[in-house]
Amino acid sequence: MKKIICDNYEESCRAAADIFTEQLRQKPESVLGLSTGSTPIGLYAQLVSRYNEGKIDFSRATAFNLDEYYPIKQNHAQSYKTFMEEYLFSKVNFAQTHIPNGEASDVEAECTRFDAELEAAGGVDLQLLGIGTNGHIGFNEPAVTYPLGSSLAHLSEDSLKSNARFFTKGETQPTTALTMGVGQIFAAKHILMLISGTNKTEITKKLFEGKLHTDVPACFLLLHPNVTFVMDKAAAGV
Ligand code: PGA
């Protein structure tokens with residue numbers, strides 16, 4: 001386990017971008033697992049500017065996103081598909097991108113399709129993760145048991161509250177989502193968790209207090225053989 005504490009958010013995004021840059025330098029055909037939310041925005045901006053400067057190339061890389069609201073129109077302003085197009089996919093040159101389809105009529109078939117595509121791609125080389133204030137990874141919310149593969153998740157009160165800020169009045173906020181399972185996340189060869197801000201100080205403290213809290217899904221990462229936590233001082237509480 002590697003822990004990198006940066007002075008501020010910008011620096012943590014640069015440190016995370018360095019890891020992506022090195023990953024693609026070593027393996028241009030990498031499968032990158034990507035996340036959404038506020039945290040990766042600065043990282044994606046870094047990747048876009050490095051791409052524009054010719055310092056990183058995604059032309060042989062494949063992206064798999066962790067999750068997507070369900071149901072949601074793919075072109076909805078708050079869909080994760082729209083988010084990824086806006087912040088990254090439309091601005092760089094990925095060979096292929098995959099996001100669970102929030103418009104699929106059959107949830108089970110969509111999860112099976114997504115899992116088969118991920119398996120055919122050989123699994124994830126580098127998985128980017130954020131952390132929920134409740135410790136969720138993807139939309140794997142605190143629970144007694146966790147799905148290994150993709151499934152339909154019911155968003156916790158905590159996640160609904162955290163994400164409500166993105167939805168304007170009159171927009172219906174989905175209460176369920178399609179998410180990669182804990183098993184698929186854990187199967188990534190390298191996991192990079194980016195943590196930022198004072199709203200994450202409490203959960204970060206719990207994550208690193210030396211116990212495996214089974215109701216904090218992010219704690220499972222502590223058992224992973226190749227995980228890097230990049231956080232700013234605000235999240236680290238120092
Ligand atoms: P946030 O979300 O970056 O918007 O805090 C992180 C997450 O829920 O994984």
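Since this is a predicted model, take the numbers as computed values, not measurements. We count ligands from 1, going down the list as the structure has it; atoms in each ligand are counted the same way.
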Top protein contact for [atom], by heavy-atom distance:
| atom | result |
| --- | --- |
| atom 8 (O) of ligand 1 | H136 NE2, 2.6 Å |
| atom 3 (O) of ligand 1 | T39 OG1, 2.4 Å |
| atom 6 (C) of ligand 1 | I131 O, 3.6 Å |
| atom 5 (O) of ligand 1 | K200 NZ, 2.6 Å |

Taking 4.0 Å as the limit for heavy-atom contacts, which would you say applies to M193 with ligand 1: side chain only, backbone only, both, or neither?
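It is neither; nothing of M193 touches ligand 1.
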
Looking only at heavy atoms, is any part of T133 under 4.0 Å from ligand 1, and if so is it the side chain, the backbone, or both, or is it neither?
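No part of T133 comes within reach of ligand 1.
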
Closest non-hydrogen atom pair between D232 and S12, with its separation
N-CB, 4.4 Å

So which atom in L178 and which in N101 form the shortest heavy-atom distance, rounded to 0.1 Å?
CD1-O, 3.5 Å

Would you call [X]-[Y] a salt bridge at under 4.0 Å N-O?
| X | Y | result |
| --- | --- | --- |
| R50 | D18 | yes |
| E202 | K206 | no |
| E157 | K161 | no |

Look at the aromatic rings of F229 and F208 and report parallel, tilted or perpendicular, splitting at 30° and 60°.
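Judged by the thresholds at 30° and 60°, the geometry between F229 and F208 is perpendicular.
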
Please identify which atoms of ligand 1 are closer than 4.0 Å to at least one heavy atom of [X].
| X | result |
| --- | --- |
| G130 | 9 (O) |
| S38 | 1 (P), 3 (O), 4 (O) |
| R165 | 4 (O) |

Assess the side chains of N134 and E141: does a donor N or O sit below 3.5 Å from an acceptor N or O?
yes

